[in-house]
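All of these numbers come straight from a predicted model, not from anything done at the bench.
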Amino acid sequence: DAFRRGGVAAVSGCGLMPGWTELLSAHFQGDSRQQARSAERPDPGRYLFCSLDRFGGYSFFRRAVKAARKEAQPPSSSPAGSYFDLEEGFLGLPPGRPAGLFRRFGKTLGTLGPVGRELSAASLFWLRGSMKAAEGTPVAAAGVWTEGEGNSPAAVALEDPRGILAGVLLAEAAFKLASGAAGEKGLLPLPGLIGREEAERIANERGGKIRVG
């Protein structure tokens, strides 16, 4: 309703943790975003790290379980855990029971085709209350990185200790659209709606931290 009243058909570039990976890439990596889209460089890599007892609903598990058999090396600047290769980036899970159950269900039931993946997602959703991360582990984190000079990664990460920044960002975007602050119509890229200073404010007010470099 906020989008309609603001005259915006859609907001593009919501990234992996709704909005944050795109904001990190657009506002906190300088010119690396434009360089990464050139013919010489790939697009920035992205990851989402999350505690499964607090993040995501059933549809999230249905998407994520497809990656359970594609384990990957941890991305640059990411929290400690196990990482799996999604089509749009990497999914990171806290070590121990969360990553172990995800891996076990995905590699067993997930091999049985669509029905197996559905059972795997349902089982993980049912058990997610017991998949809490260890104390001191952020509930969620998101990051982007590109290969810089000498193949050194230019990484930016957002830590979300309370697991609320995805919802807060979408609420802030909807509020701005409803108030007419966007000033544009049609398709609106999220970084054009939320700038660097505003992204920092949203993160800091809710206990989050953006780490650059």
(request) Measure the spacing between CD1 of Ile194 and CD1 of Ile202 and express it to the nearest 0.5 Å. (result) 4.5 Å
(request) Might you point out which heavy atoms bring Tyr47 and Ser78 nearest each other, and give the distance in Å? (result) OH-CA, 3.4 Å
(request) Give the intermediate values and the outcome of side-chain contact (heavy atoms from CB on, under 4.5 Å) for residues Leu93 and Arg103. (result) CA-CA 10 Å; Leu93 303 177; Arg103 188 185 296 110; over 6 Å; no
(request) Report the residues that fulfil salt bridge (Lys or Arg N to Asp or Glu O under 4.0 Å) with Glu205, sequence neighbours left out, ordered by chain and then residue number. (result) Arg201
(message) I'd like to check Phe60 versus Leu91 (side-chain heavy atoms, cut-off strictly below 4.5 Å). Are they in contact?
(response) yes
(message) When you measure from the side chain of Arg46 to the backbone of Gly89, do you find a donor-acceptor pair of N or O atoms at a distance under 3.5 Å?
(response) no
(request) May I ask you to test the Trp20-Leu48 pair for a side-chain heavy-atom distance under 4.5 Å? (result) no
(request) Would you mind reporting whether Leu23 and Leu169 have side-chain heavy atoms less than 4.5 Å apart? (result) yes
(message) Test your reading of the model: is there a side-chain donor-acceptor pair from Arg54 to the backbone of Arg162, 3.5 Å cut-off?
(response) yes
(request) For salt bridge (Lys or Arg N to Asp or Glu O under 4.0 Å), just list the numbers for Glu172 and Lys176, CA-CA rounded to whole Å, side-chain angles, deciding distance to a tenth of an Å, and then say yes or no. (result) CA-CA 6 Å; Glu172 293 257 1; Lys176 290 193 72 171; over 6 Å; no
(request) Determine, using the 4.5 Å side-chain heavy-atom cutoff (strictly less than), whether Val139 and Leu127 are members of one ILVMFWY cluster. (result) no
(message) Is there a side-chain contact between Ile210 and Leu24 in this structure, where contact means two heavy atoms from C-beta onward sitting under 4.5 Å apart?
(response) yes
(message) If I compare all heavy atoms of Gly81 with all of Pro95, which pair ends up nearest, and what's the gap?
(response) CA-CD, 3.7 Å
(request) Not counting sequence neighbours, which residues clear side-chain hydrogen bond (donor to acceptor under 3.5 Å, both in side chains) with Arg97? List them please. (result) Ser130
(message) Would Phe28 and Val144 count as a side-chain contact (heavy atoms from CB on, under 4.5 Å) here? Give the steps.
(response) CA-CA 10 Å; Phe28 294 88; Val144 296; over 6 Å; no
(request) Report the distance from atom CD of Glu200 to atom CD of Glu197, rounding to the nearest 0.5 Å. (result) 7.0 Å
(message) Taking Thr21's backbone N and O only, do any of them form a donor-acceptor pair with Ser25's side chain (distance below 3.5 Å, no angle check)?
(response) no
(message) Quick check: closest heavy atoms across Glu198 and Leu193, and the distance to 0.1 Å?
(response) OE1-O, 4.0 Å
(request) Evaluate the side-chain proximity of Leu52 to Phe61: yes if any heavy-atom separation is below 4.5 Å, no if none is. (result) yes
(request) Considering non-hydrogen atoms only, spot the tightest contact between Leu165 and Gly208 and give its length. (result) CD1-CA, 4.0 Å
(request) Check the surroundings of atom NZ in Lys209: do more than 12 heavy atoms from other residues, nucleotides or ligands lie under 6.0 Å from it? (result) no
(request) Considering non-hydrogen atoms only, spot the tightest contact between Trp145 and Gln29 and give its length. (result) CA-NE2, 3.7 Å
(message) Can you give me the closest heavy-atom contact between Ala72 and Phe90, atom names plus distance?
(response) CB-CE2, 3.5 Å
(message) Measuring only between side-chain heavy atoms, which start at C-beta, is Phe49 closer than 4.5 Å to Pro94?
(response) yes
